[in-house]
Amino acid sequence: MAALRLLSRSLRSSSSSSLPLLSRGKNSYLGRGGWKYSTAAAIEEPIKPSLTIDHTQLLINGKFVDAASGKTFPTLDPRTGEVIADVAEGDAEDINRAVSAAREAFDEGPWPKMTAYERSRILLRFADLVEKHNDEIAALETWDNGKPYEQSATIEVPMFVRLFRYYAGWADKIHGLTVPADGPYHVQTLREPIGVAGQIIPWNFPLLMFAWKVGPALACGNTVVLKTAEQTPLSALYVSKLMHEAGLPPGVLNVVSGFGPTAGAALASHMDVDKIAFTGSTATGKIILQLAATSNLKKTTLELGGKSPFIVCEDADVDQAVELAHFALFFNQGQCCCAGSRTYVHERVYDEFLEKAKARAIQRSVGDPFKGGIEQGPQIDSEQFEKILRCIRAGIDGGATLETGGERFGTKGYYIKPTVFSNVQDDMLIAKEEIFGPVQSILKYKDLGEVIRRANASRYGLAAGVFTQNIDTANTLTRALRVGTVWVNCFDIFDAAIPFGGYKMSGQGREKGVYSLDNYLQVKAVVTPLKNPAWL
């Protein structure tokens, strides 16, 4: 599948022809031009997508309906802070309605009783529909989230399609085993759907997290209640409509937009939900785990925070290492759980790396994500914007050297200048806490033993990057780093078949690949006596 390593190439080769569905006013220049921290008209007068927002209600039992309370909340354009649309605000009563629909669909509906091949065909039809509507979905994702349109259109929507085709392929290949026993018994195992799956997705990759969770759950024959992030509800509602056009029976997929303390807590603690999957912060993951335990001890999958080390070894090609480290941190406005947010550079190449990393950050094009050639759009909302700026201030106050950036970009929206710190120490807040923004912290190390100890001295263990030309060095680091993924001379490769998840406080379980199916299946042993068997 198209992996994220294609991103930099796709961004550099883009042109205005790849940006449909946009209103082209006098300030809607769509060329490749970026700028070095200039305030541009594209930020003051953003390009307006030519889209109609048709789906703002909750999806329950195959129908779009208002919240039981009648309440709505605004979803905002992060380029301006202005309202895109008012969306139904689901709460505990709506979660009850959605869970009831999912339970009925699982216990009495056709979905789990359908042949796996028929389930596969529905998922494939859905993938085809999403592919057909690629541009509209990408524009909606960018409008609601702020990520570059070219990233949405050429990377993320195609990845979404690939993920659903991948899981459609698994649907009719899930099977149990026959097991030899010490005696005259026939023993078989069945892999059965777990039931009603509750799923809570984040705002940084709304479409991809939908696919990571809904894809395997449906392929295994489960029904789903999905709670969207309150910042980014629109794309999930849109693609869920396409899912029903593909032939999904009512009640199999239910989507509730709402807030964590109300809708999210109700879903995690619901006694009729058999499994909960959550992607988000470690602090919220602890709450989810507690609610799951104190309700019905439901099975949990947690994909949580990270503070991933990116290790540049002394034999590295510095130019290549700078570009990859830049991508590892700044991709998606730095709003990645696995971002390479601790850049460890060997002392022999540190000075050269630092100067080139600073220059690359200054060259990064920031602006309206609907413009061609833009690498960085706004942060998701005012809360995240202010958090990042507080972390930057903490870095300065803590004694790190601010090399570039460190402040707001433009006068409207939630844009932050690409920021680079040098002379960062492990005990500084910017080296310990997940910033989730465009802030690169560069640290110096002397030898492998030292960098292994420092890289592992974190409560997180989601991912790591290693940049070296020496296979022995690579092998040493990949086995020593206590993380769920190690990328060697690459970063953010998210193929559908590659499992993803963390060690330590970065989560529990794995998503994607064959491993993700285990999250949505139960194993049952069936034992039958044999009378006068010909063989055992």
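A donor-acceptor pair under 3.5 Å links the side-chain atoms of Glu141 to the main chain of Leu207, judged by distance alone. At least one donor-acceptor pair under 3.5 Å links the side chain of Gln376 to the backbone N or O of Ile416. Although no hydrogens or angles enter the test, the distance criterion places a donor-acceptor pair under 3.5 Å between the side chain of Ser458 and the main chain of Tyr460. The main-chain N or O of Gly513 is found under 3.5 Å from a side-chain atom of Ser516 such that the two form a donor-acceptor pair. Between the Thr232 side chain and the Asn145 main chain, no donor and acceptor come within less than 3.5 Å of each other. Remark: the backbone N or O of Ala328 is not paired with any side-chain donor or acceptor of Asp492 at under 3.5 angstrom. With Arg482 contributing its side chain and Gly461 its backbone, the two residues share no donor-acceptor pair below 3.5 Å. Side-chain N or O atoms of Arg342 include one that pairs as donor or acceptor with a backbone N or O of Lys307 at under 3.5 Å. The backbone N or O of Ala153 sits nowhere less than 3.5 Å from a side-chain atom of Asp135 that would complete a donor-acceptor pair.
A search for side-chain hydrogen bond (donor to acceptor under 3.5 Å, both in side chains) contacts involving Ser506 returns nothing, not counting sequence neighbours. Applying the salt bridge (Lys or Arg N to Asp or Glu O under 4.0 Å) criterion to Arg510, with sequence neighbours excluded, gives no partner residue. For Lys356, the side-chain hydrogen bond (donor to acceptor under 3.5 Å, both in side chains) criterion is met by Asp319, Glu352, not counting sequence neighbours. In this view, Trp203 and Phe436 satisfy the ring-ring contact (aromatic ring centres under 6.0 Å, His included) rule, not counting sequence neighbours.
For the atom pair CD (Gln231) and CD (Gln384), the distance works out to 9.0 Å, reported to the nearest 0.5 Å. Note that OH of Tyr414 and CD of Gln333 are 14.5 Å apart. Values are rounded to the nearest 0.5 Å.
Residue pairs meeting the salt bridge (charged side-chain N to carboxylate O under 4.0 Å, His left out) criterion with at least one partner in residues 430-441, sequence neighbours excluded, are Glu433-Arg459.
Proximity of Leu354 to Glu403: side-chain heavy atoms (C-beta onward) are separated by under 4.5 Å at one or more points. Side-chain atoms of Lys512 and Leu163, non-hydrogen and from C-beta on, do get closer than 4.5 Å to each other. The shortest side-chain heavy-atom distance between Val439 and Cys391 does not fall under the 4.5 Å cut-off. Side chains of His326 and Phe331 form no contact here, defined as non-hydrogen atoms less than 4.5 Å apart. Inter-residue side-chain proximity for Leu477 and Ile311 is flagged as met; some heavy-atom pair is nearer than 4.5 Å. Residues Tyr415 and Arg79 have side chains in contact (heavy-atom distance under 4.5 Å, counting atoms from C-beta outward). Side-chain contact between Phe330 and Arg360 is absent, with no heavy-atom pair separated by less than 4.5 Å. Considering only heavy atoms from C-beta on, Thr72 stays 4.5 Å or farther from Glu89 through its side chain.
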Under 3.5 Å, which donor-acceptor pairs link side chains of residues 209-218 to any protein atom two or more places apart or in another chain?
unit_1	atom_1	unit_2	atom_2	d
Lys213	NZ	Thr279	OG1	2.5
Lys213	NZ	Glu511	OE1	3.1
Lys213	NZ	Glu511	OE2	3.0

Can you check salt bridge (Lys or Arg N to Asp or Glu O under 4.0 Å) on Asp397 and Arg390, steps first, answer last?
CA-CA 10 Å; Asp397 295 342; Arg390 286 196 303 271; over 6 Å; no

Quick one: do Ser257 and Thr228 satisfy side chain to side chain donor-acceptor pair (under 3.5 Å)? Show the steps, please.
CA-CA 5 Å; Ser257 50; Thr228 59; 4.9 Å; no

Apply the test side chain to side chain donor-acceptor pair (under 3.5 Å) to residues Asn332 and Gln151: give CA-CA distance (whole Å), side-chain angles for both, the deciding distance (0.1 Å), then the verdict.
CA-CA 9 Å; Asn332 206 52; Gln151 176 183 325; 2.9 Å; yes

For side chain to side chain donor-acceptor pair (under 3.5 Å), just list the numbers for Thr401 and Asn423, CA-CA rounded to whole Å, side-chain angles, deciding distance to a tenth of an Å, and then say yes or no.
CA-CA 6 Å; Thr401 301; Asn423 298 316; 2.9 Å; yes

Assess whether ring-ring contact (aromatic ring centres under 6.0 Å, His included) is satisfied between Phe491 and Phe467, documenting all intermediate values.
CA-CA 10 Å; Phe491 208 88; Phe467 201 87; over 10 Å; no

Going through the distances and angles, do Thr75 and Asp144 end up as a side chain to side chain donor-acceptor pair (under 3.5 Å)?
CA-CA 7 Å; Thr75 185; Asp144 209 18; 2.6 Å; yes

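Screening Val366, Thr419, Ile388 for a side-chain contact (heavy atoms from CB on, under 4.5 Å) with Pro438, the sole residue that qualifies is Ile388.
The environment of NZ in Lys387 is crowded: more than 12 heavy-atom neighbours from other residues, nucleotides or ligands sit within 6.0 Å. Within 6.0 Å of CZ in Phe73 there are more than 12 heavy atoms belonging to other residues, nucleotides or ligands. Heavy-atom contacts from other residues, nucleotides or ligands closer than 6.0 Å to CD of Gln469 number more than 12.
For the pair Lys417 and Phe409, the cation-pi criterion (under 6.0 Å, within 45° of the ring axis) is not fulfilled. For the pair Lys241 and Tyr238, the distance from NZ or CZ to the six-membered ring centre is under 6.0 Å and the angle to the ring normal is within 45 degrees.
Of the charged side-chain nitrogens involved, at least one lies within less than 4.0 Å of a carboxylate oxygen, so that Glu156 and Lys147 count as a salt-bridged pair.
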